[in-house]
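For reference, the structure is listed below as structure tokens.
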Amino acid sequence: MSDIIINRLMAAFDRAAEQAFRRSAQAIGRRSALSTIGKLLVGGAMLPVLPFDRSSGVHAADAPKADAADGSCDYWRYCALDGFLCSCCGGSVSACPPGAEPSKVTWIGTCHNPDEGKDYLVSYNDCCGKTSCGRCLCNGNVGERPGYRMGLHNDINWCMANTQSMYHCTVSVLVGMAESK
Amino acid sequence: MSDIIINRLMAAFDRAAEQAFRRSAQAIGRRSALSTIGKLLVGGAMLPVLPFDRSSGVHAADAPKADAADGSCDYWRYCALDGFLCSCCGGSVSACPPGAEPSKVTWIGTCHNPDEGKDYLVSYNDCCGKTSCGRCLCNGNVGERPGYRMGLHNDINWCMANTQSMYHCTVSVLVGMAESK
Amino acid sequence: MRTFAFRRLQCACAVLLLSAPATAAEFKSESAGTTTIPAAMHRVYVLDAALPHIVDGRIYVLDAADLSLKGMLEAGFAGMMLAAPDRRRIYVATTFYERLTRGKRIDVVQVFDDQTLKVIDEIPIPTRRAQALSYRSLFQRSSDGNVLFIQNATPATSISVVDTASKRQLETPAPGCYGIYPAPTKPLRFSTLCGDGTIGTYTMSSNFQSSERKTSAKLFDTGADPLFIHAERDQDGYVFLSFKGKLLRASLDGESATITETLDIIPPDAADWAPGGYQPFAVDPKSGMAYILMHPGNKDGDHKNPSAEIWAYDLRGKRLVARSRAANLTSLTLSAVDPALLFGINPVDLTIERFTIDASSHQISRAGQIRLGETAALVEAPR
Amino acid sequence: MRTFAFRRLQCACAVLLLSAPATAAEFKSESAGTTTIPAAMHRVYVLDAALPHIVDGRIYVLDAADLSLKGMLEAGFAGMMLAAPDRRRIYVATTFYERLTRGKRIDVVQVFDDQTLKVIDEIPIPTRRAQALSYRSLFQRSSDGNVLFIQNATPATSISVVDTASKRQLETPAPGCYGIYPAPTKPLRFSTLCGDGTIGTYTMSSNFQSSERKTSAKLFDTGADPLFIHAERDQDGYVFLSFKGKLLRASLDGESATITETLDIIPPDAADWAPGGYQPFAVDPKSGMAYILMHPGNKDGDHKNPSAEIWAYDLRGKRLVARSRAANLTSLTLSAVDPALLFGINPVDLTIERFTIDASSHQISRAGQIRLGETAALVEAPR
């Protein structure tokens, strides 16, 4: 997970942060991220989930079929989602509603799938550029940390690095498996 | 009431409407207003309630004491008020909350005071320039008419002629007495 | 930038490989995407002015089949909506302020694509549009779809005419009048209801330089029995509804307006019933059936009361055909694709509701609902 | 214009006099006015991000005596609030977009007068401020009140320093750190919590040209027991609170930060209790009492859970003094004028609540509430 976070943060730095900050931010950000909670196993299909690749695949129609319980905050993927469920707003568990773009940077949660007994890494992308959806507000905080651990923080608008940074809703994208604790 | 409406509309025309429209608007507006419902008696203290005089008295601290029931939509003065009660928003029955300005133009309702058995003319000034209050939404429509009777219409933002035209809440200002029907 | 990113990506992967065991192969990672509205989906649009946060009105896009929410459009402050299904566009006339609720006022027509729900064009308009509840007749377009009509109020009333292609504009004064009713077959003509009981009809020159106005005879009584400004299209004209339950058929294609027929929907045994709401009736132009939101009580001031029943009235047969229970509706519309489907706004229970009409009895039954909206007032099912 | 208006006024009066009988004399007409907040009123400010309409956040101004609503301020999109009671100002750092929810982003500090509730000044700031939930430590000012500190996140973190008089600005990179804690007596110094468990302390040059950073030793464990970013001022320093219920007294006046004392508030018989919320505790610097929102359950992820009790902990005596039932609070603040008054946000019942503290027992009792807000998270009672 450390590396996902580093890459996500770095991608944001590339785009949004000031040239002047870059060197120190990389150094300290990396150091900080390397002490991240949990040991992680990351799947082979890793590349597409990195933010700079994902932005080109934004219009993918192959969004996974929503689970039956996806409109409920209790659905296991939402264990650390703080915001409106996109599945209540015209999107799905992992796809933004029409007109909204997935955030370029995200934070990562670790959720336990009770059916499989396995833990997954979940990228909580905010969907951006539309007015706030207002439906199905959830507030899960498993593994959440204050903003000094930015890659684990959910009380901030993760649309912050998008050109259109208005917050609409939040999706839960499985990006890897975690070793069960 | 006809004349109050004429004067209110005219005041708005003076300020907001285009020079080119003025002559035709006066002619038709007057004709329209002269066929207004109800026969009205208007008090001697008429002058201060006309909009062009009122704008100078906006910061008057002598707002009347609110009645006991002023937070309820059932209060008799609100018989034709469509909007948020300013008395729930930091103002009073007839005073705007801090930071908001009374609308320069208004529509006029006629409400029956059950305690006195008398009918009053009520000027429904919107309070302007603050974000919508959101509390105590009432929707009374006694005497209300569609927009072709603009001086009797309440489905429109009466802050429309103010420099800052955002709608905040609505006050109910007694401006005259009406002959009981 | 991409080259740089890719370089770091390789670097990150190298680190990942060190700790990635074989079991990870079974996991297939997902990626975030964006949905669009299928072109063929039958749409229901609900405009919610969201009064408690009136700067942030929105238009909900629902699937007519099951009322599931498929997306939303920004409607801004007291926005108006006009769907153009033939062009796959939704026009939204609205107001922005420089600082959310204060500062310079900016009025525009935003043009949304009806599949991506993105703004694809913006047409500036004068800052005089009526910041009003979203009645259908305050924002209309010409019979050929090329020209938009926008109601202004300062409170002096006028109508802005906007050519969508050239963005040329004309503003026609219409003092004391309100509501826009485009002529059914004449793209340069529209009518408006006036406070003296007449209907004004405007015919524009094709170069948008001028317009001519013809005033009808006095056609309705704004004091004793006013007309709702919501009107419905019939096969060859318009249908208006009065506060006391009269349906007026109007011919608005000529140089000046006429009323061709007046029908009283209230039977003697229901003398205290009256129509009510913001969008109080819908008409099926093919069958000639009118569906009307009715409530008991016809006192002055009751004309926006929510429904207790929907009445089905046959405009051709001139008779009340059916009365169906349907509580708390203030807006009603008929599907443009399936005349057996009605959609309504229930602002009491904060629901949008779907109704089916029985083909023979014209009895109406609720067949679905979604909890949605705060102060929605306009519903359209245009495609 | 006034002359013209007066001429028409006379004309209108002439018409009125024809129909005005003597009885009208008894009627005294009213006029619309505008209220202001009395200078002496004790204020409670509640910042509500209004998530369902997040562009339209607002700050409610309540009378501390009875929680009656006295007015409101616009907080825009993910706005932050900072009351400056000595200057009778309220600063609001927020974001506007050119078209409500899209278009050019504009970040500013709006300066409100705390009696008229009008914007009297606006300070443009870089469009990098953290669009975050309104934690107190994300928007602070220097000990002399002259300089504002604004947390940035892009997500790279930095802190903007703004001189309110000259509007001169400085941006200090603070990568991996978050939260702003101005030095108690050094106006040009502030500290921040960092992800590696250190505290960074910045000292600016008086000309705002540069800042120097000193990093503390590792002072807390961001993995095993992180600190909430909400902190409280003690007499000579700051008090921080950890997820597992430790109070850390910090000295932030020197060139680098130190922790002077760590106190564990959890007694053995309440081992599964933990603090929680967005503003989870308040400290009375005079008496040294800390009031903490506590809930049973200390699992990972419970750190924002609403309260079941408020605990009173004596920082000087180092003991838990009292436990009082107080359900569903996530934010708590102490009145700056009356240390026997607490105010809390209950986001479950959507209320703002007022509590009194018994002087001898430190038992806390609810003494008033108002139903208000949607997703409020910050409450302040500064004057």
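Worth saying up front: this structure is predicted, and the values here are computed from it rather than measured. A, B, ... follow the sequence lines: proteins, then strands. Residue 1 opens every chain.
- Of the listed residues (D/D113, D/T116, D/V61, D/V119), the one with the most heavy-atom contacts under 4.5 Å to chain B is D/T116.
- Per-residue counts of heavy-atom pairs under 4.5 Å with chain D were compared for B/G91, B/S172, B/C89; the largest is that of B/C89.
- Both the backbone and the side chain of D/L73 come within contact range of chain B, with heavy atoms under 4.5 Å apart.
- The shortest non-hydrogen separation linking B/P98 to D/I37 is CG-CD1, 3.8 Å.
- Interface remark: of the candidates B/G90, B/C96, B/C86, B/C96 forms the most heavy-atom pairs closer than 4.5 Å to chain D.
- Only the side chain of D/I370 comes within less than 4.5 Å of a heavy atom in chain B; its backbone stays farther off.
- The two residues B/N125 and D/A32 come nearest to each other via the heavy atoms CG-CB, 4.3 Å.
- If you measure heavy-atom distances from B/S132 to chain D, the contacts under 4.5 Å come from both the backbone and the side chain.
- Contact of B/C133 with chain D is made through backbone and side chain together, with heavy-atom distances under 4.5 Å.
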Original post:
Should B/V93 and D/E30 be marked as a side chain to side chain contact (heavy atoms under 4.5 Å, CB included) after you check the CA-CA gap, both sets of side-chain angles, and the distance that decides it?
Top reply: CA-CA 11 Å; B/V93 169; D/E30 305 169 352; 5.6 Å; no
Original post:
Passes side chain to side chain contact (heavy atoms under 4.5 Å, CB included), D/R58 versus B/K130? Steps please.
Top reply: CA-CA 10 Å; D/R58 62 265 314 272; B/K130 278 268 175 201; over 6 Å; no
**OP:** Would you please test B/L174 and D/K28 for side chain to side chain contact (heavy atoms under 4.5 Å, CB included) and show each step?
**Re:** CA-CA 8 Å; B/L174 300 188; D/K28 192 170 173 320; over 6 Å; no
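- Here the closest heavy-atom approach between residue B/G99 and residue D/T34 is recorded as N-CG2, 4.1 Å.
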